[in-house]
Asker: 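First the structure, then my questions, so here it is.
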Amino acid sequence: MTSMFDQYEQASQRSKQVVPPPIRTDISTAGFIQMKLQDDGPIFTKQKIIFSPSDKIIHLVVSSNLIIIAMANNVLLRIDMKQPDKVEEIDISKYAVGMKMSNLFLDPLGYHLLITLTPKNGDNPPPELLYLHRKTTKLKQAGKFKGHEITAVGWNFSNISETVTGPILVGTSKGLIFETEISDGDKIFNTSLEQYWRQLPNYLPLYGAKEVEGLVFDIGKNSKPPITGLEFHKIPNSDKYMIIVTTIMRIYQYIGSVQNPDEKPLLQQVFNKYLNVQESFVEVISSLTYSKLQFYYPSLGVLPKSFGWLTETGILYAHIDPNLSDPKNALIKQQMIICPEASLMGNSKSHTNTAPLSFVLTEFHALLLYPDRVKGISLLNQDLIFEDIYNDTVEKLLNIVKDPINRSIWAYSERAVFKYKVTKEDRNVWQVYLDKGEFELAKQYCKDNPAYIDQVLVKQAEMLFKNEQYEESALTYADTHSSFEEISLKFLQEWQIEALKIFLKKKLGGLKPQDKTQITMIVVWVIELFMSQMGEVRSNDSSYTHNPQYIALQKQFDSFLAMQKVEDCIKRNRKTIYELMSSHGDKENLMRLTIMHSNHEEVIRQHLYKNNYLEALEVLKSQTNKDLFYQFSGTLLQELPRPTVTALISQGSLLKPSKLLPALVSCNSDEKHAKEIIRYLEFCIYKQSCQEQAIHNFLLSLYARYKKEEVMHYISSQGQYISMVHYDVHYALRLCQEVGLTEACVQLSALLGLWTTAVDLALTIKVDLAKQIAAMPSERDDTLRKKLWLKIAEHVVREKNDIQQVMEFLQQCDLVRIEDILPFFSDFVTIDHFKDAICKSLQDYNRHIQDLKEEMEEATKAAEVIRKDIQAFRTRCTFVDARDTCNSCDIQLLLRPFYVFPCGHRFHSDCLVAALTPMLSMDQRTKLADLQRQLTAISNRSEDTTSIGLVSLSIKDQIKADIDELVASECLYCGELMIESIDKPFIEEEDYERVMREWA
């Protein structure tokens, strides 16, 4: 055999394809376009393995991509599907002298293989059990099972170990069940039920393997039927176990708890309660010599989803109850699936009909193996959907098996192996469930195909309608694309108005905003239905407001009106809806509708028309449209000033006072209305911090007319800086002048900077007020302040002739002196009144003269010191050594022109210029560059001229002096430039990375 598992040959087969029903023609314009880009192909396809065995195949098992093939020459082929080219051959001839392989058992992980050997003729030698691990080719004998023909193995699906099987169950041809644990170790098999094993004293030790005996159970008690199927599972999230055992005609269930999971044998705890009770089983009469047990696993490590047991009658199919609701039965929804019969292929004629030889389960189908064909039937409706007929060259088929891990399906005959591929087996499941009336399952398997879902919903709605479940039918019909008119007519014919409303509302919810025509039609129709129902109740019951039916209808109607689409529709068709409701005489709902849809304008107008001002104000307060406040506040203020102002204040910052200003201005004709308007304006200014100038001006005008005492308080609260006030100062000044508020005029004139006018007005009231105004100008404007104080002094002298008060001015203002106010006095005033003031003034002058003399002496001394320092610097010298270097470049100083500073620092001229240039301002840099260019030009011209004039030398010396003034006025390291650059980094940002690398 060579590299065969990647090469396939398509064999002849027939597949019955279930064609989904066509899309219904009664679907609306929003129907579906059904497109199929590629054919799904048959559900089951056969692929023949290019494989020529060296002898007849007698058994094949597969698990976890590992295939074990047993041949008649006692050779095992072990093939890993991940490496199909590497085929291991294991010869068991030395263990099978006079015996044959009756069965193979491979665990779900594919690591543990059990081989059952039985004698070819008679009872000798006794049956044996061999063990083979996946990672070795050495077989081991299970000595303690000698004499027992193993016919079934219940593997531990919870086991994840590669070396140990975990607790497993082993069934024999005599109806015995053992619990054992096998590991690829060095210990021998042991048993925990000594009384049973004492009946079998002839066991030989098994080297390299270990069996932990845990359970012996006798199926059938007296009949001793062979066990054909055996499997157990732990129920998730519980301590319960489920054990399924089958014989040729019976199926047993053992369900119980395992209190101690570490106890060995493990499942003895489950079997214990069945030891002394009457057997319970399901029996199916069968003349076959075999039966088959199969499970479907959604994935490894989880409880099987379904179960199948093949007998002569058919397949007993059931689902596994994951919760074990019934402690005695784990198999729910049991049904007997009758298998289709098939004729055996013979050389001359067909024989009698026969039952399948074997089968495997998929999620929704069963593949049945006959001697000459494979048939696929649906587990949901038992329809034959697939039939694959084999020709004579293949010979008779032996078995069909399934990998429990990757779910691959394998069939084999004596000379060939075939693999079946399953493709989208759930494609037509929705239709099967639909035909069975299981609509929720049908929708689940529609896989979001809108056309299929629509058909399911239509059939479900039709069934509900037929069963007179009209409201549920209406909800379902609304989700379909059935004809709107047809469905509406169906409910009208049965006069199911409530169901019709449900249908219409659900349809309305599915419409898009742009479907305005359909939305309008449905909204008007539903409102008409509600009006008719509620009108009927009103006509039959005078106290309808307490009628439960009317209350329920009202709640439904309110809920309907609150829908966004309905609100938008009513706004677009307000007149039509109002006329419809008016025609039914439902004024209450009409009023409620206007409020709900913010149509308060019409309601308020009606109230005002009937002089119901309080009702109009209540409606105004209850609505949220602020524009109506601006529209109706004028009328309401005129009739109800205080309540209206209270309502305006309650709105707070939601209203803009400037928009209310027209209404406020129109209602200030008398003191009563003005007081309320002032109350609102004060709320806006002092509580809401309104800064609009018009509002402030209006309040000031009301104060000036009706509350003059509040004018000064208001002006003071606004501050003394014109930039801070929010009213028009010029308007306020003119207003106060008109009503004669002189003190306010003083403050406003000062605010405008009219200081002279302010002082003149203040003097007409009182001198102290004038003093306050005179003290207000900035201290820097001494001339103005002095002028104002002199004006006050002149007024006091000439108007009041109060010399004592004038003398006090000299103490209050340091700008005014005695000589400034003397001209204001008459010639007859004696000097005695001014003696103290004149003496104080003379003392101040004398003190000022002394201070000036001291400053002059200090300046003279400082100038003398500077002259001496200059003279000393002229005669000072500095010695430069030939080894001295530049403090900037560390190169010998005398090699180039240089500068030497008194502090001792020495720099080359070019080094000093280069280091100092970044520290200079932009103007200084420009000047330095220009001087350097001039110096270079003069130097070049001097070289080309043989005679150098005195003028050229003086210009060159001047340029050098200017350069020295820029770069050599102070030391680079000791001068102010170094201090000013203290915040600059030592390393520039662009040089940082380079310097860091050099330092590293």
Side-chain angles (χ1 to χ4, degrees), residues 861-1000:
K861 292 178 181 179
E864 185 64 27
V865 171
I866 292 172
R867 279 195 296 270
K868 291 179 180 180
D869 290 342
I870 292 173
Q871 189 63 32
F873 274 113
R874 287 177 178 174
T875 59
R876 183 180 176 181
C877 64
T878 298
F879 295 95
V880 178
D881 193 273
R883 294 172 295 180
D884 289 343
T885 59
C886 175
N887 289 118
S888 177
C889 64
D890 290 334
I891 298 176
Q892 193 172 2
L893 187 66
L894 297 177
L895 293 178
R896 300 198 300 273
F898 60 88
Y899 290 95
V900 178
F901 291 92
C903 59
H905 289 115
R906 307 171 181 84
F907 302 96
H908 288 130
S909 298
D910 54 350
C911 292
L912 181 61
V913 171
L916 193 63
T917 299
M919 301 181 185
L920 299 176
S921 64
M922 185 57 66
D923 293 339
Q924 290 174 327
R925 293 182 194 178
T926 304
K927 183 178 180 181
L928 177 62
D930 185 53
L931 291 172
Q932 288 176 332
R933 283 195 299 271
Q934 294 179 26
L935 181 62
T936 302
I938 291 175
S939 299
N940 293 337
R941 190 164 57 250
S942 300
E943 291 175 359
D944 296 337
T945 307
T946 56
S947 61
I948 302 174
L950 294 177
V951 177
S952 298
L953 286 175
S954 63
I955 294 174
K956 186 175 183 180
D957 291 341
Q958 183 60 43
I959 292 173
K960 285 184 178 181
D962 292 341
I963 293 175
D964 291 344
E965 180 66 24
L966 282 174
V967 301
S969 59
E970 58 182 358
C971 177
L972 176 63
Y973 290 167
C974 302
E976 292 183 2
L977 286 175
M978 181 58 66
I979 298 173
E980 292 173 356
S981 64
I982 193 171
D983 60 335
K984 296 183 180 179
F986 290 110
I987 303 173
E988 296 296 335
E989 186 175 352
E990 57 271 14
D991 299 331
Y992 183 80
E993 293 184 1
R994 177 182 58 78
V995 173
M996 289 297 102
R997 288 195 300 270
E998 293 176 356
W999 287 1

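In this text the structure is predicted, and so the values were computed from the model without any measurement.
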Asker: Rounded to the nearest 0.5 Å, how far apart are CZ of Arg896 and SG of Cys886?
Answerer: 7.0 Å

Asker: In Å and rounded to the nearest 0.5 Å, what is the CG to CD1 distance from Leu935 to Ile963?
Answerer: 5.0 Å

Asker: With a 4.5 Å limit on heavy-atom distance, are the side chains of Phe901 and Phe907 in contact?
Answerer: yes

Asker: How long is the straight-line distance from NZ of Lys960 back to CG of Asp957, given to the nearest 0.5 Å?
Answerer: 6.5 Å

Asker: Can you confirm whether Val900 sits close enough to Val880 that some side-chain heavy atom of one is under 4.5 Å from a side-chain heavy atom of the other?
Answerer: yes

Asker: Under the side chain to side chain contact (heavy atoms under 4.5 Å, CB included) test, which residues partner Ser909, sequence neighbours left out?
Answerer: Pro897, Tyr899

Asker: Taking side chain to side chain contact (heavy atoms under 4.5 Å, CB included) as the definition, give me every residue that meets it alongside Glu965, ordered by chain and number, with sequence neighbours left out.
Answerer: none

Asker: Is there side-chain contact between Ser888 and His905, with at least one heavy-atom pair below 4.5 Å?
Answerer: no

Asker: List the atom of Leu894, the atom of Asp881, and the distance in Å for their closest heavy-atom pair.
Answerer: CD1-O, 4.2 Å

Asker: Would you tabulate the side-chain donor-acceptor contacts of residues 911-919 under 3.5 Å, counting partners in other chains and residues two or more places apart, or write 'none'?
Answerer:
unit_1 : atom_1 : unit_2 : atom_2 : d
Thr917 : OG1    : Val913 : O      : 2.5

Asker: Quick one: list whatever passes side chain to side chain contact (heavy atoms under 4.5 Å, CB included) with Ala863, sequence neighbours left out.
Answerer: Arg867

Asker: Quick one: which residue pairs count as a salt bridge (Lys or Arg N to Asp or Glu O under 4.0 Å) with a foot in residues 915-925, not counting sequence neighbours?
Answerer: none

Asker: Taking salt bridge (charged side-chain N to carboxylate O under 4.0 Å, His left out) as the test, write out the residues that go with Arg933, two or more places apart.
Answerer: Asp930

Asker: Could I get the full list of salt bridge (charged side-chain N to carboxylate O under 4.0 Å, His left out) partners for Asp890, not counting sequence neighbours?
Answerer: none

Asker: Among all residues two or more places apart in sequence or in another chain, which pass the ring pair (Phe, Tyr, Trp, His ring centres under 6.0 Å) test with His908?
Answerer: none

Asker: Sequence neighbours excluded, which residues qualify as side chain to side chain donor-acceptor pair (under 3.5 Å) partners of Ser921?
Answerer: Gln924

Asker: Restricting to pairs with a member in residues 897-906, which pass salt bridge (Lys or Arg N to Asp or Glu O under 4.0 Å), not counting sequence neighbours?
Answerer: Asp884-Arg906

Asker: From Ile959 CD1 over to Ile938 CD1, what is the distance, rounded to the nearest 0.5 angstrom?
Answerer: 3.5 Å

Asker: For Asp962, what residues pass the salt bridge (charged side-chain N to carboxylate O under 4.0 Å, His left out) criterion, not counting sequence neighbours?
Answerer: none

Asker: Salt bridge (charged side-chain N to carboxylate O under 4.0 Å, His left out) with Asp964: which residues, sequence neighbours excluded?
Answerer: none

